[in-house]
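It should be emphasised that the depicted structure is a prediction, and the values quoted were computed from it without experimental measurement. The first residue in the sequence is number 1, and the count goes up from there.
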Amino acid sequence: MTTLTLAARDSATMLRRNLRRMVRYPSLTLSLLGMPAIFLLLFVVVLGGTLGGGLGGDRGDYLTYVVPGIVLMTVAGTAQGAAITVAMDMTQGIIARFRTMSIARGAVLTGHVAAAVVQAVVGVAVILGVALALGFRPTAGPLEWLALLGLLAAVVFALTWLCVALGLVASTVESASNLPMPIVLLPFLGSGFVPTDSMPAAVRVFAEHQPFTPIIETIRGLLTGTPIGTSAAVALAWCAVIALGGHLWARRRYDRETR
């Protein structure tokens with residue numbers, strides 16, 4: 001076998017390991033998948049009437065507006081879970097055992113990233129199912145759904161590498177769960193829940209130029225047919241920068257910790 005084939009085989013083994021961990025720790029999985037659904041119900045059922053009126057519509061209009069932000073929050077939450085599982089490996093001595101085995105060095109981290117992608121797909125499916133039950137009716141066609149799937153894969157890939165690096169930096173599992181928290185909450189400071197033009201000037205400048213706003217606007221455009229403009233290109237550029245930075249940081253930290 002070639003080196004690339006061996007690395008792919010080892011990464012697949014680590015992926016299976018992390019998927020089994022999700023079953024073994026259902027509380028973590030249910031928390032990461034359930035919290036976005038709770039936020040969706042809270043903002044639509046409890047606050048949707050008032051917030052929808054602020055947008056010039058009703059509860060249904062606000063449901064259509066808020067779903068992209070909740071979808072992105074779901075993806076960010078699964079990336080946060082990767083930080084926790086990486087920290088568990090680093091603090092419980094598992095990595096020391098892997099060092100004694102003949103496996104590709106990068107397979108451990110790749111397995112965490114691949115598992116997060118799988119978990120994100122499940123999480124987004126759950127959120128969209130809840131949204132459909134509440135009355136959400138996307139207008140996306142087959143091409144838009146494929147583009148949405150590709151965008152979400154790029155986002156979760158980028159955020160997971162960043163959170164893997166944060167999990168390697170954390171000294172405890174508890175701190176690993178807290179370090180990525182700003183990433184999960186960042187949609188609130190973007191266009192995920194209210195339009196940016198309704199914010200104070202200083203907050204609006206940050207909201208319009210932070211990474212999540214173009215991602216949310218692209219998701220919204222693909223799902224509901226609103227104009228996307230340059231948001232897709234900016235979103236993919238942010239994903240590339242975050243993925244590259246997170247990957248290099250994670251690999252450097254991992255090599256240092258396992259040397």
Discussion item. Test of understanding: with side chain to side chain contact (heavy atoms under 4.5 Å, CB included), list the residues that count as partners of Phe157, not counting sequence neighbours.
Written reply: Val113, Trp161, Ala243
Worksheet item: Do Leu185 and Met181 have side chains that get closer than 4.5 Å, going by heavy atoms?
Response: yes
Worksheet entry | Leu41 side chain reached by Leu134 side chain, heavy atoms, under 4.5 Å | yes
Worksheet item: Roughly how far, to the nearest 0.5 Å, is the CG atom of Leu222 from the CD1 atom of Ile228?
Response: 4.0 Å
Worksheet item: Honestly curious: do Val156 and Trp145 fall in one hydrophobic cluster under the side-chain, below-4.5 Å linking rule?
Response: yes
Worksheet entry | Minimum heavy-atom distance between Pro214 and Val234, given as atom pair plus value | CG-CG1, 3.8 Å
Discussion item. Please tell me whether Leu244 and Leu159 are part of a single hydrophobic cluster in this structure, the criterion being side-chain heavy atoms less than 4.5 Å apart.
Written reply: no
Worksheet entry | Rounded distance (nearest 0.5 Å) linking atom OG1 of Thr196 with atom CD of Glu208 | 4.0 Å
Discussion item. Taking Leu146 as the starting point, is it possible to reach Val117 by hopping between hydrophobic residues whose side chains are less than 4.5 Å apart?
Written reply: no
Fill in: Shortest non-hydrogen contact between Ser191 and Ile216, atoms and distance
OG-CG2, 3.8 Å
Discussion item. Are Thr218 and Leu148 packed together at the side-chain level, in the sense that at least one heavy-atom pair is separated by less than 4.5 angstrom?
Written reply: no
Worksheet item: So do the side chains of Val169 and Trp249 get within less than 4.5 Å of each other, counting heavy atoms only?
Response: yes
Fill in: Cluster overlap Val75 with Val241, hydrophobic side-chain contacts below 4.5 Å
no
Response to the item:
Correct closest heavy-atom pair for Ile219 and Pro68 would be CG2-CB, 3.7 Å
Item to complete: State, yes or no, whether a side-chain contact exists between Val66 and Phe39 at a heavy-atom distance under 4.5 Å.
Response: no
Worksheet, complete the sentence: Between the NE2 atom in His209 and the CZ atom in Arg204, the distance rounded to the nearest 0.5 Å is 10.5 Å
Discussion item. Any non-hydrogen side-chain atom of Tyr65 less than 4.5 Å from a side-chain atom of Phe43?
Written reply: no
Worksheet entry | Distance (rounded to the nearest 0.5 Å) between Ile84 CD1 and Leu166 CG | 11.5 Å
Worksheet, complete the sentence: In short, salt bridge (Lys or Arg N to Asp or Glu O under 4.0 Å) pairs touching residues 220-240 with sequence neighbours left out are Glu217-Arg220
Fill in: Separation of Glu144 CD from Thr139 OG1 (nearest 0.5 Å)
7.5 Å
Item to complete: Quick one: do Phe206 and Thr213 satisfy side chain to side chain contact (heavy atoms under 4.5 Å, CB included)? Show the steps, please.
Response: CA-CA 10 Å; Phe206 174 80; Thr213 293; over 6 Å; no
Discussion item. Can you give me the closest heavy-atom contact between Cys163 and Ile183, atom names plus distance?
Written reply: SG-CD1, 4.0 Å
Fill in: Spacing of Thr224 atom OG1 and Asp61 atom CG [to the nearest 0.5 Å]
11.0 Å
Worksheet item: Looking at Thr78 and Ala120, what are the two nearest heavy atoms and their distance?
Response: OG1-CB, 3.6 Å
Worksheet item: Mind checking whether His112 and Thr160 have side chains closer than 4.5 Å, heavy atoms only?
Response: no
Discussion item. Can you confirm whether Phe188 sits close enough to Met73 that some side-chain heavy atom of one is under 4.5 Å from a side-chain heavy atom of the other?
Written reply: yes
Worksheet entry | With Leu152, the side chain to side chain contact (heavy atoms under 4.5 Å, CB included) member among Val121, Ile215, Val71, Thr74 | Val71
Fill in: Whether Ser198 side chain and Val194 backbone form a donor-acceptor pair below 3.5 Å
no
Practice prompt. Consider only side-chain heavy atoms of I, L, V, M, F, W and Y, link residues closer than 4.5 Å, and tell whether Val45 and Val130 are in one cluster.
Written response: yes
Worksheet item: Which atom pair, heavy atoms only, marks the closest approach of Leu168 to Ala250?
Response: CD1-O, 3.2 Å
